[in-house]
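Worksheet: the structure to be examined is printed underneath.
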Protein chains: 2
Amino acid sequence: MGDPLKISDAPALDDANAPDGVGSESMTSRAYMRLREDIISGELEPGRKLKIEELRRKYDVGTSPIREALSLLTSDHFVERIDQRGFRVSDVSAQEFEELLKTRCWLEERALRESIANGSPEWEERVVLANYRLSRMPRSEASDHFVANKEWEAQHKHFHMTLISECGSSMLLKFCDQLYDQAIRYRQLSGTKAYPARDIAEEHSAICDSVLARDADLAADLLVKHYRRTSKFLSDELND
Amino acid sequence: MGDPLKISDAPALDDANAPDGVGSESMTSRAYMRLREDIISGELEPGRKLKIEELRRKYDVGTSPIREALSLLTSDHFVERIDQRGFRVSDVSAQEFEELLKTRCWLEERALRESIANGSPEWEERVVLANYRLSRMPRSEASDHFVANKEWEAQHKHFHMTLISECGSSMLLKFCDQLYDQAIRYRQLSGTKAYPARDIAEEHSAICDSVLARDADLAADLLVKHYRRTSKFLSDELND
DNA sequence: TACGGTGATTTTATAGATATTTTTGCAATT
DNA sequence: AATTGCAAAAATATCTATAAAATCACCGTA
């Protein structure tokens, strides 16, 4: 009964780099991931009508897999379904972004405090390692202007998820994961052009240090400020 | 553009009592709700394999709607999907129940505190009203032995959701809603036979009073204790 | 007992049929 | 002339039925 079955509960973004070997996943899973990527990246812009026929062609699959993938995406709040009237990409708004940020801070603060209270020494090592790997990664692919570095994004998410990974609740982790991906979408949408020059790596290290010192109040404070700072720019742009 | 379209984001359970007039919902929505009910009630027991053909007959719809409904249910964590191997009802465990309870307390405490901080006078009135309606409702349909009263269940949920309704985050509300329904499933599964004789109505009123007094610390404490008490019995049973 | 093949069951995907919504065009009225 | 109302047509979503792919259970053989 304890089979190591792959449950496609919420396939992570990093699954994109499949080793082209054993492609034994279902069409639905593939469609789900591709659609998800295209919505997060902004290629499928907010509010856009998602016509089945159009998608069927674009991704070269039948209607059922598309339909199922879209159904799955509604729960991630990336797609909205209107009975008898099809699907559309979820809208974005400055107000929703504020909500998102606020909720993220609430949930991650709690999760971080619990992790600090319960985390094992092995967890501490994972935090250190995640921070190190992130610090070695260039934020931008080009040095003169900003070009989002996919690998940095992946490591960044990994670092933040590692921080809260020992909170003791897989449900809370799932919620944080969902909210994180929602936030990425907003970041992608708002032109990532002029990014702040502040030292983000330094902020991460500070969080890391406070976690190792098991100083929950400090860690929570640093984490929340980190998020608020990162989000400040997006808020300003969205409010134009 | 500002049409009052009905978004079937997460159809509530109470939608079951449709006025048989304009049945303009899709087969998928109907299948979703019926499946959901049957899983929560325990008719479709945990771990059970959900064969498409079987369900197709039982609910008298085609494969597509069933498949889509099941996809939707995976995100509510009521159904698990295994690529190429179909669907099954999510398993339950004492450990998961503990997690559920813990997470619910964390999230609802935060939401309650925010509601108390931001709630309008109109919100206070809604809380009072919800508590009154709940208090007028018999807990059990029979007086000599316990028979779950659907109407009481609905009012109970409504009371708790009203408490946190002004937390300022629709996302947090959605999470609480999801966790609440998960908990109902556990309550239904664990034989609801011997229910505690404690005065639950009194506990609700106490929470109500502390909310009206805007005493966040007291309200949060009462709420959490309320949940832990209600859950104590289930935990004991599950741990057998 | 372990291994491998074969048939039945079940999942998954496609294609075609039906029902609904949206658009378009026309006519009647203001 | 412009606008509203209606009806037919096109587009689209939804559902059913059928075919293809994968998994599972069983049995025989080494």
Side-chain angles (χ1 to χ4, degrees), chain A residues 1-9 11 15 18 21-35 44 47-74 78-90, chain B residues 1-9 11 15 18 20-35 44 47-75 78-90:
Chain A
M1 284 297 149
D3 287 333
L5 297 172
K6 272 215 300 189
I7 311 271
S8 68
D9 193 285
D15 272 333
V22 280
S24 92
E25 57 190 348
S26 65
M27 293 298 222
T28 300
S29 294
R30 248 204 310 275
Y32 171 79
M33 286 192 291
R34 294 195 55 188
L35 272 165
L44 294 171
R48 167 163 182 165
K49 182 113 215 305
L50 291 166
K51 294 179 198 162
I52 305 288
E53 180 59 24
E54 187 186 337
L55 300 175
R56 217 187 61 70
R57 268 178 234 227
K58 179 167 182 180
Y59 300 110
D60 194 42
V61 290
T63 55
S64 287
I66 291 286
R67 209 143 229 295
E68 270 179 69
L70 290 172
S71 292
L72 286 170
L73 285 164
T74 55
F78 283 128
V79 167
E80 276 179 0
R81 178 204 188 99
I82 308 172
D83 264 10
Q84 244 72 16
R85 236 162 289 182
F87 302 84
R88 58 178 51 231
V89 179
S90 285
Chain B
M1 284 291 161
D3 287 332
L5 296 174
K6 274 214 300 188
I7 310 270
S8 68
D9 192 284
D15 271 333
D20 86 11
V22 280
S24 92
E25 57 187 350
S26 64
M27 293 298 225
T28 300
S29 295
R30 249 204 309 276
Y32 171 79
M33 286 191 291
R34 294 195 56 188
L35 272 164
L44 294 171
R48 168 168 182 160
K49 182 116 217 302
L50 292 166
K51 293 179 199 163
I52 305 288
E53 180 59 24
E54 187 186 337
L55 300 174
R56 217 186 63 70
R57 267 178 234 226
K58 178 166 182 180
Y59 300 109
D60 194 42
V61 289
T63 56
S64 287
I66 290 285
R67 208 142 231 294
E68 269 180 68
L70 290 172
S71 292
L72 286 170
L73 285 164
T74 54
S75 326
F78 282 127
V79 167
E80 275 179 2
R81 179 206 189 98
I82 308 171
D83 263 11
Q84 245 74 17
R85 236 162 290 182
F87 302 85
R88 56 178 53 234
V89 180
S90 285

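To find a chain, count down the sequence lines: A is the first, B the second, and so on, and within it residues start at 1.
- If you measure from atom CG of B/D60 to atom C1' of D/dT16, you get 11 Å, rounded to the nearest angstrom.
- Atom pair B/D83:CG and D/dA22:P shows a separation of 12 Å (rounding to whole Å applied).
- Of the residues B/I66, B/L55, B/T28, the one that meets the side-chain contact (heavy atoms from CB on, under 4.5 Å) test with B/V61 is B/I66.
- As a whole-Å value, the separation of B/K51 NZ from D/dC24 C1' is 11 Å.
- Contacts of B/T63 with the nucleic acid, taken as non-hydrogen atoms under 4.0 Å apart, include base atoms.
- You'll find the side chain of B/I52 reaches within 4.5 Å of the side chain of B/F87, heavy atoms only.
- If you measure from atom CD1 of B/I82 to atom C1' of D/dA22, you get 14 Å, rounded to the nearest angstrom.
- Remark: A/R81 engages B/E68 in a salt bridge, criterion side-chain N to carboxylate O under 4.0 Å.
- Following rounding to the nearest Å, A/F87 (CZ) and C/dT21 (P) show an atom-to-atom distance of 15 Å.
- Checked for salt-bridge contact, A/E54 and A/R48 meet the test: a charged N lies under 4.0 Å from a carboxylate O.
- Put simply, CD on A/Q84 is 14 Å from C1' on C/dT22, counting in whole angstrom units.
- If you measure from atom CD1 of B/I52 to atom P of C/dT14, you get 16 Å, rounded to the nearest angstrom.
- Remark: A/K49 is in phosphate contact with D/dA13, judged by side-chain N or O atoms under 4.0 Å from OP1 or OP2.
- Taking only side-chain nitrogens and oxygens, B/R85 never comes nearer than 4.0 Å to OP1 or OP2 of C/dT10.
- Between D/dT16 and B/S64, no contact under 4.0 Å exists linking OP1 or OP2 to a side-chain N or O.
- For the pair B/R67 and C/dT12, the criterion of a side-chain N or O lying under 4.0 Å from OP1 or OP2 is met.
- Each of A/R56 and B/E53 has a nearest nucleotide on DNA chain C; the 5'-most of these lies closest to B/E53.
- At whole-Å resolution of the value, CD1 in B/I66 and P in C/dT12 are 14 Å apart.
- Here A/E53 pairs with A/R57 in a salt bridge; the nearest charged N to carboxylate O distance falls below 4.0 Å.
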